[in-house]
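Beneath this line is the structure, given in structure tokens, with notes to follow.
Convention: sequence-line order gives letters A, B, ...; per-chain numbering from 1.
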There are 2 protein chains.
Amino acid sequence: MSTQDAPPLGTSVPAALTLLRKRGERVTRARRAVLEVLDSTTEHLNADEIARRAAAKAPGVHRATVYRALSTLGELEMVRHTHVGGSAAVYHLAVLDPELGAEANANAHAHVRCTSCGIVLDVPAETLRPLVGRLERDLDFHLDPAHAALLGTCAICRVTAPQG
Amino acid sequence: MSTQDAPPLGTSVPAALTLLRKRGERVTRARRAVLEVLDSTTEHLNADEIARRAAAKAPGVHRATVYRALSTLGELEMVRHTHVGGSAAVYHLAVLDPELGAEANANAHAHVRCTSCGIVLDVPAETLRPLVGRLERDLDFHLDPAHAALLGTCAICRVTAPQG
DNA sequence: CTGCTTGCAAAGTGTTTGCAGGCCC
DNA sequence: GGGCCTGCAAACACTTTGCAAGCAG
């Protein structure tokens with residue numbers, strides 16, 4: 001539907017593990033489980049939910065370990081997270097292309113979240129591009145559009161509870 | 001510098017208290033202190049810092065009370081808050097015009113925050129307007145540009161620590 | 001007086017960290 | 001086998017809440 005297909009679910013883990021090893025990082029049960037969880041969905045999962053699902057795949061994996069794994073994978077730019085309002089950060093797999101490395105973020109997108117119902121909507125990176133350019137020029141500020149969600153009210157909630 | 005002057009510091013409290021009473025809310029020591037703190041600066045203060053300063057003006061004012069006051073004032077649209085990454089929300093006085101009510105938000109602005117040094121920069125509402133319109137059209141989503149800060153890297157940090 | 005607000009303490013989220021032991025390479 | 005990772009528990013930062021007393025209107 002877009003110019004670039006979303007990566008097929010459940011196919012990125014082997015490449016991710018290879019990349020991990022290539023970077024001198026260890027491949028552990030916990031890290032594999034986290035990657036599998038992230039690779040199995042397109043949802044916006046928070047650390048707690050990732051921990052729950054990871055523990056289902058690899059019993060005993062601890063929440064703290066999931067946080068550490070997400071942190072490590074984040075530093076390696078294999079996983080990205082988004083802060084969404086005041087609540088828990090949500091994580092997703094970066095598009096991993098063994099050839100291109102972590103730059104192949106063709107599915108990079110920003111998020112907006114409805115403060116009324118909590119739904120998170122994806123916004124194509126292209127939509128944010130003008131703003132990115134503007135901030136670059138005006139403030140010399142390099143925006144990372146995917147790192148924080150903007151907030152507002154979705155169509156449904158606007159009808160349900162008009163600008164109360 | 002802009003088409004609209006920033007409101008002069010230290011002048012909004014009386015009007016705010018009047019508005020409070022007009023809405024049937026009580027004027028208390030804690031609420032007055034919070035309003036005075038917010039009215040005395042243009043900084044981006046979090047609840048903890050507001051509590052610290054409020055306690056200086058009105059000894060005994062408790063952090064929990066400050067949170068409650070900020071919440072109440074927020075519902076009345078006299079105070080706005082911004083979520084900035086994963087850290088504490090920052091609060092500021094909405095422009096209160098007794099004639100116009102809380103809509104007179106001429107100084108409304110969005111924020112961007114440098115993930116490296118933490119500095120928060122203001123972005124004029126005007127800069128976000130195209131994005132607001134775009135989301136309105138594309139997703140029927142009503143964006144509140146001031147409610148969450150976007151993240152990125154500021155000019156100084158980009159030089160100091162070039163892209164990772 | 002009435003009951004909204006407060007102070008206090010405690011609980012609730014979300015996330016990080018110190019330490020001893022375990023597993024990857 | 002050496003040292004990175006993990007499990008656990010505890011600490012941490014931010015925010016909310018139950019309750020009895022206090023003050024605004």
Side-chain angles (χ1 to χ4, degrees), chain A residues 16-35 44-52 54-76 78-79 81-91 113 115 118 147-149, chain B residues 16-35 44-52 54-55 57-76 78-79 81-91 113 115 118 148-149:
Chain A
L17 298 182
T18 299
L19 188 48
L20 258 186
R21 269 188 265 260
K22 187 178 301 180
R23 307 257 185 107
E25 295 286 333
R26 292 185 180 174
V27 173
T28 66
R29 225 166 59 97
R31 289 175 177 178
R32 194 195 324 264
V34 166
L35 286 168
H44 303 95
L45 302 180
N46 59 33
D48 203 62
E49 178 61 20
I50 294 170
R52 198 187 330 283
K57 288 173 185 285
V61 167
H62 196 273
R63 222 194 313 284
T65 302
V66 169
Y67 274 101
R68 280 191 273 230
L70 288 170
S71 170
T72 301
L73 295 170
E75 279 166 24
L76 298 173
M78 300 169 64
V79 166
H81 67 271
T82 302
H83 297 286
V84 61
S87 32
V90 295
Y91 298 80
R113 185 210 202 195
T115 44
H147 200 173
Chain B
L17 297 182
T18 299
L19 188 48
L20 258 186
R21 269 187 263 260
K22 187 178 303 182
R23 307 254 185 110
E25 294 288 332
R26 293 185 181 174
V27 173
T28 66
R29 225 166 59 97
R31 287 175 180 177
R32 192 194 326 262
V34 166
L35 286 168
H44 303 94
L45 301 181
N46 60 33
D48 204 61
E49 178 61 20
I50 295 169
R52 197 184 332 281
K57 289 174 184 284
V61 167
H62 196 273
R63 222 194 313 286
T65 302
V66 169
Y67 273 101
R68 281 191 273 228
L70 289 169
S71 170
T72 300
L73 295 170
E75 280 166 23
L76 298 173
M78 299 170 64
V79 166
H81 66 271
T82 302
H83 298 286
V84 60
S87 33
V90 296
Y91 298 80
R113 183 210 203 194
T115 44

Counting only side-chain N and O atoms of [X], is one of them less than 4.0 Å from OP1 or OP2 of [N]?
{"X": "Thr28(B)", "N": "dA24(D)", "value": "no"}
{"X": "Tyr67(A)", "N": "dT15(C)", "value": "yes"}
{"X": "Thr65(B)", "N": "dG7(C)", "value": "yes"}

Using whole Å, what does the distance between atom [atom2] of nucleotide [N] and atom [atom1] of [X] come to?
{"X": "Arg26(B)", "N": "dA24(D)", "atom1": "CZ", "atom2": "C1'", "answer": "5 Å"}
{"X": "Asn46(B)", "N": "dC14(D)", "atom1": "CG", "atom2": "C1'", "answer": "9 Å"}
{"X": "Leu70(A)", "N": "dG14(C)", "atom1": "CG", "atom2": "P", "answer": "15 Å"}
{"X": "Asp48(A)", "N": "dT15(C)", "atom1": "CG", "atom2": "P", "answer": "9 Å"}
{"X": "Leu17(B)", "N": "dA24(D)", "atom1": "CG", "atom2": "P", "answer": "13 Å"}
{"X": "Arg63(B)", "N": "dC14(D)", "atom1": "CZ", "atom2": "C1'", "answer": "10 Å"}
{"X": "His83(A)", "N": "dG14(C)", "atom1": "NE2", "atom2": "C1'", "answer": "12 Å"}
{"X": "Ile50(B)", "N": "dT15(D)", "atom1": "CD1", "atom2": "C1'", "answer": "13 Å"}

Under 4.0 Å between any heavy atoms, over every strand shown, what does Gly60(A) touch: base, sugar-phosphate, or nothing? Just pick one.
sugar-phosphate

Base, sugar-phosphate, or nothing: which does Ala89(B) touch, judged by heavy atoms less than 4.0 Å apart?
sugar-phosphate

What's the closest nucleotide to the [X] side chain, out of [options]?
{"X": "Arg31(A)", "options": "dC8(D), dC25(C), dC5(D)", "answer": "dC5(D)"}
{"X": "Arg68(B)", "options": "dC8(C), dT17(C), dT15(C)", "answer": "dC8(C)"}
{"X": "Ala30(B)", "options": "dC25(C), dG7(D), dT6(C)", "answer": "dT6(C)"}

Between Arg23(B) and Leu76(B), the two heavy atoms sitting closest are NH1-O, 3.0 Å

So, [X] side chain and [Y] main chain: donor-acceptor pair closer than 3.5 Å or not?
{"X": "Arg63(B)", "Y": "Ala47(B)", "value": "no"}
{"X": "Arg31(A)", "Y": "Arg26(A)", "value": "yes"}
{"X": "Ser71(B)", "Y": "Tyr67(B)", "value": "no"}

For the base of dG7(C), is there a side-chain donor-acceptor partner from Arg29(B) under 3.5 Å away?
no

